[in-house]
Structures are given as C-alpha cells and as structure tokens.
There are 2 protein chains.
Amino acid sequence: MLLPEDGPRDGGRRRPLWQRISADLAARVAEGEYGDGFPGEYELAETYGVSRGTIRNALRPLRETGSVTAQRGRKPRVVMGGHGSAFGPVSSLFASVQASGMTQRSIVLARRVVTDPATATLLSLPPTEKLLFLSRLRLADEEPLAVDNVWLPARRVAPLLEVDFADTALYKELRERCGITLDGGQEELRADTATAADAERLGCAVGAPLFRIQRIGYHQGTAIELRCSHILGDRYAVTATFGDGVPAARPAAET
Amino acid sequence: MLLPEDGPRDGGRRRPLWQRISADLAARVAEGEYGDGFPGEYELAETYGVSRGTIRNALRPLRETGSVTAQRGRKPRVVMGGHGSAFGPVSSLFASVQASGMTQRSIVLARRVVTDPATATLLSLPPTEKLLFLSRLRLADEEPLAVDNVWLPARRVAPLLEVDFADTALYKELRERCGITLDGGQEELRADTATAADAERLGCAVGAPLFRIQRIGYHQGTAIELRCSHILGDRYAVTATFGDGVPAARPAAET
DNA sequence: TAGTGGTCTAGACCACCTT
DNA sequence: AGGTGGTCTAGACCACTAT
C-alpha cells in the first residue's frame, strides 16, 4: 500500500508512519469504503507493509472516537461517519454530555415497526431485524426544541409497542417495562443547518443552525438504541465543567 | 518491584500488567512520592521488571490526563498533586488535530494588548485591566479549520507578549514561560452559522454551519483565559463515550 | 554527549467470538 | 478450528533537550 510521500509535511520532516496510515484510514472510512467490513489488524499490517504495532497506533484514534469497533474475536466494523460525511479531527471534549434539562412535552410524530438494514447494522443486528421506530417533536415551553428519532430492536422492547410517549421518558419505560437500563453510550455531535424538512417540523427558517446528535446506547455491551436528534441551535447549548480549579459561579456571554 | 498479586481482579482473572502498574504509579503520584523528579521509561521498566512497551502503556493514562509530563529529551515531572488535572493536552484542539493524524498550522491574525471591559469582567478582572489578545486562524492539512480568539490578563502572561504562536500550543507556552498550568475550566458549545466576517476568515460560505465554543480556563481558582473558538461544522465533530457498557473498548485505567 | 521519549519491528502467547 | 484483538517482550534507531 502506497502512502503519499509528497503529502503534508510538518515543518519539513515527515510525519510518523502511523499518523499517515491513520489519516489514510480515516479518509477511507469517511468515503464509505469499508461499508461492509473493516479489515483486521493483521490484514492491515500486510497491506500497508508495516508491523502490527504501527497499525495499532494508527487505529487508536479511530477506535477512541468510536469510528470503528474493536472487540476480541469479532470482526471489526465501521460505526459512524460512513454516510459520505467526512469528519475530520474529532475531540472527546466531554467525559459526559449532559442532555438533561430537556424534560418537556413531546408530540409523537411516528411510532411503528420498521425494517431498516442500515440502522440495524449500526445496532449490530441482522439487516432484516424488526425495529421500533419512534419519532418525537420535543417542546420546551410549548415551543419546538428538537426532533428526536429513535430506533430500538423490537424483540427487546416489545412492551413499548403500546406505550404513549407523549408525556413519558423513553428511558423510564425501558427500565420499568423491559428491565433495560442503558449503561453506556457513544455520541457524536455536529453543527449543521436546517433543511426544508427540519424547518417544517421545527418551525424555523431553512438554514437555521442545528445540532445533530447521533447516539448509540448500550446495555451490558449490547447496542439497544440508535438515536438521532436535531436540536435548534439557538435554544440549546452544551456545557461542561471540569477540573478542580473552577469556582462555583457560572458566567455567560457572547462575543 | 512487587505488585499486589491478590489485588483487584476482574471477574476472577488478573488485570493486565500495564493496568496494575498504571494504578500503582497513579497511587504513588497521588501520594507525592515523585515530588522532585519522575523516573524515566527505561528506569521504570527495570524497576518493575517489565519491558518498555508495557511501561509506555501504563504511562499513557497518566500522560493523557496531564498528571506527568512527557517530552523528548526532558526529564519527566509530576505536574499537579495528581488529582484530576486533564486540561491542556486533553481538550486542546491543537492536540486533537494532531491525534487524528493531520498536520496543523496556525496563522496569527492579531496579537496585541487591549482593554475590553466586557471580557475583563468575564475573567473577574477590573474593567480597565490590560489583556493580551491573540487571534489565530487554525489550519488542518493546510485547510482552514477554526478561528481561535484568546484573551489573557497581560500582567500574568508578560513572557508571552513576544512569542510567535504560529507553530506552538498556547498551553505549552503558558506552562513553560509563565509557570501556569490550567487546572479547570468551563466550556459552552453552541451551533451557529457563519457571519460575513466568519466566512471571510474561514473561507466558507455565509450561513455555513459553525461550532462556537467559549471557554474560561482557571489556574488555582483564578480565571486565566477566555477563549472563543469558531470551528467549521463540516470539519469537526465532538464525540463522547461514557459508561461501561460500550464494547468499542477504551483503555480504562482506574485507580 | 548523555539521556529522554517517539517510533518501528518481529515475534509470541492468550482470551474471546464466530463458525 | 480459525480469526480477532489484547498483551508482553526484546531490540533498534531517531529526534529532541539538557549539560
């Protein structure tokens, strides 16, 4: 496997081999090249003609950001970003993104059982697996705040098929009716602008700023939910506080 | 060096060697054992009787959280008391770009001393306090990624007035020239669209999606920096992983 | 110049999952 | 049984920093 020798240099010297391979793999993942199976470490080592240690260094950023899976014994897979959307540098800025403060009223836009091969694959399910699809418009103070789409494996959440979610929290029902408590997750948060469909459902202008959050929730190592939220940018902000040296007060301003 | 054989086990089997060494080192750091000099990798390898690769795995969590320094040629040092630092390298955009295998460069747009009552107030300073204002255009792989504006109290960071920031990280200079290591911070992340001024500096269309991140960094309870970053939405995504149930396993170094 | 960490190699064994 | 990733070893060379 050839890597660009004349590619970007860092102040005149070559970048480390593992970084070039990592960038190459990230680009290929972003282009959807590995939609049906990501190569293993040994195979990558041979294709690039490097040692396995170098491949492991190259894979570390992709694995830390959840772009590809890595589990003993299992075939690796591409998790996110395979939809032709190139995502470049990624940062785990937050140990936890608090999506709380969003307890409001919901309008159920859709609740039905579907089959969706792409979504099922993201949840590590067979492509034909039946999924419960739940789409809700979330209101805060009776004003639209977000559209929230969730897919869950129908087999695991059968008791939810008859629940009215207009005024209840999904996680509460999951816990009480299915005995499932999510104990982990991955989130990816992007900035985007509203499409015509977004604008209609959210009552905003086309091109208005939006957060798009994709999340996979896990219960004891098994993927349980895929959630895609589209949140109005002017009504929502993610905040994080970290470290010891922060006084209690909490300012807020713009520039 | 003996490690507790009867120590914490993971479901009946021993934890990996590097994790036990990592926990041991973290405990010693927390107790202040290495106040005047942290051992190097070779010395640690000999002390614990393991290979250097194992030591490097054990040190990775300590280095990522900023508990100990690691720079070529320099003697390693313990940075803080050992408890929850994790500011500079972790959430630094500079570092996250590097970690994803891209080249990076900054173009300094402005570097001057200003007075700005609103900003000074945010930093809990008198309104007339002089501030060092630093504005940089950040490039990843020679393409614009973000505009980064920083204000710092000039009195505290006098040595930085002459530094060229085109190729260096602010936090590194803060640490080495001013003896200031940020130990806490607040961040607020918003989705927005590009104004005409943003579009000109970032080379994007007016209305393109942007992240706006505002951060206040603290050193021992005192606000040191106000940072406002404007990052292209199509080149940046924030990811977060949380909980134990996520199979795309990350190395979890506990203590 | 001596010592540091960064990188890379080649090989080995093991735990785990799939088939 | 075969392939996956996780771990560990032993050695090598290089870039950088301090002295």
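Residue numbering restarts at 1 for every chain, and letters A, B, ... go by the order of the sequence lines.
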Salt-bridge contact A:Arg63-A:Glu41 (side-chain N to carboxylate O under 4.0 Å):
yes

Between C:dG3 atom P and B:Leu44 atom CG, what is the distance in whole Å?
16 Å

Hey, which of these two, B:Lys75 or A:Glu43, hits DNA chain D nearer its 5' end, going by closest nucleotide?
A:Glu43

Can you see which heavy atom on B:Ala58 is nearest to which on B:Ile21, and at what distance?
CB-CG2, 3.8 Å

If you restrict it to nitrogen or oxygen atoms, what contacts under 3.5 Å exist between nucleotides 7-9 of chain D and the protein, and what is each distance?
{"from": "D:dT7", "atom 1": "OP1", "to": "B:Trp18", "atom 2": "NE1", "distance (Å)": "3.4"}
{"from": "D:dT7", "atom 1": "O4", "to": "A:Arg52", "atom 2": "NH1", "distance (Å)": "3.2"}
{"from": "D:dC8", "atom 1": "OP1", "to": "B:Leu17", "atom 2": "N", "distance (Å)": "2.3"}
{"from": "D:dC8", "atom 1": "OP2", "to": "B:Trp18", "atom 2": "N", "distance (Å)": "3.0"}
{"from": "D:dT9", "atom 1": "OP2", "to": "B:Ser51", "atom 2": "N", "distance (Å)": "2.8"}
{"from": "D:dT9", "atom 1": "OP2", "to": "B:Ser51", "atom 2": "OG", "distance (Å)": "3.0"}
{"from": "D:dT9", "atom 1": "OP2", "to": "B:Thr54", "atom 2": "OG1", "distance (Å)": "2.6"}

Counting only side-chain N and O atoms of A:Arg63, is one of them less than 4.0 Å from OP1 or OP2 of D:dG6?
yes

Report the residues that fulfil side-chain contact (heavy atoms from CB on, under 4.5 Å) with B:Lys130, sequence neighbours left out, ordered by chain and then residue number.
B:Val113, B:Thr115, B:Ala154

So, taking the atom named OG in B:Ser22 and the one named CZ in B:Arg20, what distance separates them when rounded to the nearest 0.5 Å?
12.0 Å

Before accepting this row, confirm whether a basic side-chain N of the pair A:Arg28/A:Asp24 lies closer than 4.0 Å to the acidic partner's carboxylate O.
yes

Measure from CZ on B:Arg60 to P on D:dG6 and round the result to the nearest Å.
12 Å

Nearest-angstrom distance from the residue atom CZ of A:Arg74 to P of D:dG5
13 Å

Measuring only between side-chain heavy atoms, which start at C-beta, is A:Pro39 closer than 4.5 Å to A:Leu44?
yes

Rounded to whole angstrom units, what separation is found between the CD atom of B:Glu46 and the P atom of D:dG11?
13 Å

From CZ (B:Arg111) to OG (B:Ser135), nearest 0.5 Å
12.5 Å

Is any side-chain heavy atom of A:Asp148 less than 4.5 Å from a side-chain heavy atom of A:Ser229?
yes

End-to-end bend of the helix from C:dT1-D:dA18 to C:dT18-D:dA1 (five-pair axes, 10° rounding)?
10°

